[in-house]
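Scroll down for the structure; my scribbles are underneath it.
The analysis underlying the following values was restricted to heavy atoms, covering all of them including side chains, and did not include hydrogens, waters or symmetry mates.
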Amino acid sequence: MLIINANVITLGDNPRILSDQALYIDGDRIIAVGRGAELAARYPKAETIDARGQYVMPGGICAHTHFYGAYARGLAIPGPAPRDFPQILERLWWPLDKALDRDSVRASALVCLVDAIKHGATSLIDHHASPNFIDGSLDVIGAAVEAAGLRAVLCYEVTDRDGRDKMQAGIAENLRFMTASAAHERLKGSFGLHASLTLNDASLRACADALPAGAGFHIHVAEHEADELDSLSKSGSRVVARLDQYGIWTDSTIAAHCVHIDDTERDILLDRGVWVSHQPRSNMNNGVGAADIDGLLAAGLKLCLGNDGFSNNMWAEWKAAYLLHKVVNRDPRRAAGMNIARMAWRNNARLMENFFPDAKIGEISAGAVADLIFVDYQPFTPLTAGNLPWHLLFGFEASMITTTICAGQVLMRDRQLLTLDESAIAAEAIDLAPAVWERYTRNAQDTLE
């Protein structure tokens, strides 16, 4: 496949903006980037796609999401509104995950994958929970990812809140899928844990003992003060120190949120090489506070950007991160545009490469994977490598994405989905919704009694 008439934004460690370029793709890789006439002469039999002067750039990457949360959209929570994040967990998310079965897990994944393609997110790291459908749940999600043509890392969250048998089933599901996906080109497995506050010492030991060599966990950390208070009551230690005693921290582990960690905890994560993901829209929605992202980056932590189950419009997450920390700290110097870019394109790409070590992800160069989007952006001020983050923050919109390509396969062209039928998927999902919501409502009402 030869993409012609492209204005290329390479991203990568040293981003460049190249005018009037062509890209030749063979299989899932970019083979060459250069002038159109030269590449057309070199590859005369290639299928040609005309970018028509649009910007061609790497697809978006999400470091932490929850496909299973799709059925929360428009859902009414029984009783008074939850007053804090622990109540949100107890009265929204935990009753909802118990309401999911095989069909609704599949539907929730598919609607999120449609959303990802439309918003140009080609790589996603998902964290799943469905305690009444554990065995095989990651296969169902994986099949949806394969059908969509996207790249994903999947895990099942292990927790004690549904009893020991389901805790052990969660461990088994992670291990099974990690093995099953090991040779897959676009799918990998990780080992999911919910959070310190829903894992006792025996469960943490069982998870640590089961972890395959070289692998890591994916866990929520100090999203709310309740996680720290629970850890102190259980162990006398804060969350990061408690989990460190069980070997949870590896250089392949993802710690989501880290809103309320202190400097000592930060230093442990840094020393262990842990990846941290920041989810500003979710943190604002749940009223949990704002992580010290400038401090974490300055310390050298591998800080990434996720969405926690919000839409897969990752540019919306960029914008939220850029603004949140300015208002929280009453300081417009916080969350500089280059720091947001560092998280969202450089660190997110390195995180994905941790799971796909044979792939160069998140840049346009010879040998990189062909995960690309076309953006119909018409700048009215100069666009340069130096000011690119601010054009992305203040100019680029997801509505400008016209084409999405992952691993060399065109998933959306001129805003038409090619691998998924959005109308059929939405129809199936909405047909399932009344039963999911009925089960959720019964579960949620039980929390009020």
Side-chain angles (χ1 to χ4, degrees), residues 62 64-79 82 88-119 121 124-150 152-157 159 161-162 166 169-170 173 176-177 187 192 194 282 285 307-313 411-412 416-448:
C62 177
H64 176 76
T65 192
H66 296 286
F67 297 155
Y68 80 85
Y71 277 105
R73 183 174 294 183
L75 182 64
I77 303 174
I88 290 172
L89 289 176
E90 293 164 1
R91 295 179 48 211
L92 172 59
W93 294 116
W94 296 346
L96 178 59
D97 66 32
K98 289 183 178 67
L100 300 176
D101 57 10
R102 175 184 288 270
D103 289 341
S104 49
V105 165
R106 177 178 179 273
S108 61
L110 284 169
V111 297
C112 290
L113 295 167
V114 166
D115 180 72
I117 294 172
K118 292 173 68 175
H119 289 113
L124 306 113
I125 300 179
D126 185 60
H127 193 277
H128 179 64
S130 54
N132 290 318
F133 171 52
I134 299 175
D135 299 343
S137 60
L138 297 184
D139 283 343
V140 169
I141 299 170
V145 173
E146 286 195 84
L150 292 167
V153 179
L154 309 179
C155 70
Y156 187 88
E157 68 160 47
T159 179
R161 67 179 184 269
D162 301 303
K166 291 185 178 181
E173 180 65 4
R176 186 196 59 75
F177 188 77
L187 268 179
H194 175 247
S282 172
N285 184 55
N307 64 35
D308 208 29
F310 268 66
S311 75
N312 288 304
N313 177 357
L411 312 183
M412 178 177 73
Q416 297 299 309
L417 295 176
L418 301 180
T419 57
L420 297 179
D421 184 334
E422 181 177 10
S423 295
I425 288 168
E428 179 187 3
I430 204 166
D431 282 347
L432 295 170
V436 174
W437 281 14
E438 181 181 357
R439 292 193 295 268
Y440 159 77
T441 300
R442 289 199 304 267
N443 296 337
Q445 286 173 335
D446 289 344
T447 70
L448 300 173

Any donor-acceptor N/O pair, [X] side chain to [Y] backbone, under 3.5 Å:
X      : Y      : result
Asp115 : Val111 : no
Trp437 : Ala72  : no
Ser104 : Leu100 : no
Arg91  : Pro78  : yes

NZ of Lys98 to OG of Ser130, rounded to nearest 0.5 Å, is 11.5 Å
Quick check for you: to the nearest 0.5 Å, what is the distance between Thr419 atom OG1 and Glu146 atom CD?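 It comes to 12.0 Å.
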If you measure from the Lys or Arg side-chain nitrogens to the Asp or Glu carboxylate oxygens, is any gap between Asp135 and Arg176 under 4.0 Å? no
Basic-acidic side-chain contact under 4.0 Å: Asp101, Arg106: no
Looking at every heavy atom in both Leu96 and Tyr68, which two are closest together, and how far apart are they?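 The answer is CD2-O, 4.5 Å.
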Nearest heavy atoms of Val145 and Phe67, plus distance in Å: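 Heavy atoms only, the tightest pair is CG2-CE1, 4.5 Å.
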Starting from the C-alpha separation in whole Å, work towards a yes-or-no answer on side-chain contact (heavy atoms from CB on, under 4.5 Å) for Asp97 and Arg161. CA-CA 12 Å; Asp97 66 32; Arg161 67 179 184 269; 2.8 Å; yes
Taking the side chain as every heavy atom from C-beta outward, state whether [X] and [Y] have any atom pair closer than 4.5 Å.
X      : Y      : value
Leu92  : Pro82  : no
Tyr71  : Val105 : no
Leu411 : Leu417 : no
Lys118 : Asn312 : no
Cys155 : His128 : no

For His64, which residues count as a ring pair (Phe, Tyr, Trp, His ring centres under 6.0 Å) partner, sequence neighbours excluded? His66, His127, His218, His220, His257
Would you find more than 12 non-hydrogen atoms of other residues, nucleotides or ligands less than 6.0 Å from Leu418 atom CG?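 More than 12 heavy atoms, drawn from other residues, nucleotides or ligands, come within 6.0 Å of this atom.
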Scan Asp126, Leu154, Leu187 and name whichever one has a side-chain contact (heavy atoms from CB on, under 4.5 Å) with Leu138.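 Single side-chain contact (heavy atoms from CB on, under 4.5 Å) partner of Leu138 among Asp126, Leu154, Leu187: Leu154.
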Under 3.5 Å, is there a donor-acceptor pair linking the side chains of Asn132 and Lys166?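 Yes - a donor-acceptor pair under 3.5 Å links their side chains.
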